[in-house]
Protein chains: 2
Amino acid sequence: MSATDPKATRTGRPRSTAADAAILDATRESLVDLGWSKLTMSDVATRAGVAKTTLYRRWAGKNELVVDAVAVLFDELELPDRGSLAADVQGVVLQFAALLERPEARTALMAVVAESTRDDSLRRRIRSAIVDRQKRLVLLGRERAQARGELRYEDDASAAARNADLIFDVIAGAVVHRTLVSAEPVDAEWASGFTSLLLLGLAGAQAG
Amino acid sequence: MSATDPKATRTGRPRSTAADAAILDATRESLVDLGWSKLTMSDVATRAGVAKTTLYRRWAGKNELVVDAVAVLFDELELPDRGSLAADVQGVVLQFAALLERPEARTALMAVVAESTRDDSLRRRIRSAIVDRQKRLVLLGRERAQARGELRYEDDASAAARNADLIFDVIAGAVVHRTLVSAEPVDAEWASGFTSLLLLGLAGAQAG
DNA sequence: TCCTTACGCTACGACCCGTAGCGTAACTGC
DNA sequence: GCAGTTACGCTACGGGTCGTAGCGTAAGGA
């Protein structure tokens, strides 16, 4: 993407985009059937109708492959304007929870995060492919709330950034923990209780 | 622990408790050196000075072994009375974050949770060995705050339970997400900001 | 002293890993 | 067209882990 930056003037046989898609599809399919731990490169290659060597020409290993395969799921996250900050928060919570109900996402997300604790390049990959895309929703939601007058515009830019990071960790962390650790459903009732807790906290911060 | 319930009248050579301890120590040591993915049963056996078959006589596999090895780390979590709910929350946040700084905890916790998404018995094991022990701190903290008059005693028992679950997921989820996903430090400043957000939310819930 | 269970050790088939080597396929520039 | 370059499929390989079986020995209880 950055180092060689080919794409244009490039000689030789081009990479098969069909193979790319087939491999990523096969990876998600294998995640559903086998889960993270039993997924193997050989199995993915077979499902994709592709030689195993073709996988290794594109991805360094299982970690990187799965991150890319799962990342597209997070592109489905959106933040339509629901008219109020409360509705926006509750909407994104339910949407994120629905994503975590999908078996490919459940089994892969925690696993790659676990791997990333010992692999900085993998952590950066996760950040750019998954985490940053989620965080944009928080920033967008804040902007909308500020435009509506529900939240104050903040003077200190770095304090505002820290605040956004905090809210992001609270929202994403709570949903992930509820879903994967406590292993209980994020239904409308829970989302409502969580949203009111968060918004009351934000309101209190605006006041005091 | 429950089915056969031996312990007392049991014939034959007893299990070596020294081997138990050596294996669990070796497991944590191997987690530090190799991380979850590269930890192998053979390596643990070698470090513990024990035959590989001895491991399999006690644990079904890597998942169960690591859960037991890491569970004791969570026994260190305590909740001394710091005089106010805010101080108690901030204290437990920092304590939990310090635990997640330890490499054996970081690499193991997310990994076993990931595995538990496809293994109900493992999930139950994690719940009883790790999660429930953390949740007790939340219940204890609430009791203290109620005794101090900082929080109201709740009438509806099931609503109170749901509320405690919510707060637990918010606290634990935010700290885990901050530490392992965002990969940024939980310092006193962050803990303070998080605590005030949470307490303002709770205060607002008491009022409205 | 018997009986029972745990331990250490060795060996094993099965599987996955990641790579090398080869011939072939596809696309670019001359 | 033709050479040059890169991608692909296939086969084969050494190295490693898995989980189990079989054996002789060690350590307790009746």
task = Would you please confirm or rule out a distance under 4.0 Å between OP1 or OP2 of D:dA27 and any side-chain N or O of B:S16?
result = no
query = Does any donor-acceptor pair link the side chain of A:K52 with the base of C:dG18 at a separation under 3.5 Å?
reply = yes
task = Assign the ring pair A:F168 / B:H177 to parallel, tilted or perpendicular, where the plane angle (0 to 90°) is split at 30° and 60°.
result = perpendicular
message = Could you measure the distance from the CZ atom of A:R58 to the CD atom of A:E64? Nearest 0.5 Å is fine.
response = 15.0 Å
note = Taking every heavy atom of A:T195 against every heavy atom of A:A86, the minimum-distance pair comes out as CG2-O, 3.6 Å
request  = Would you tell me if any nitrogen or oxygen in the side chain of A:T53 comes within less than 4.0 Å of OP1 or OP2 on C:dT19?
outcome  = no
key: Value in whole Å for how far the P atom of D:dA7 lies from OH of A:Y56   = 18 Å
query = Think B:T54 has a side-chain N or O under 4.0 angstrom from the OP1 or OP2 of C:dA6?
reply = no
note = Out of D:dG28, D:dC8, C:dC17, minimum distance to the side chain of A:S42 belongs to C:dC17
query = For the atom pair CZ (B:R28) and CG (B:D68), what is the distance rounded to the nearest 0.5 Å?
reply = 10.5 Å
message = Looking at A:R57, I'd like to know whether one of its side-chain N or O atoms comes within less than 4.0 Å of OP1 or OP2 on C:dA20.
response = no
task = On DNA chain D, check which nucleotide each of B:R13 and B:M41 is closest to and give me the residue with the more 5' one.
result = B:M41
ask   = Relative to the 5' end of DNA chain C, which residue comes earlier, A:T40 or B:R58, by the nucleotide with the nearest heavy atom?
value = B:R58
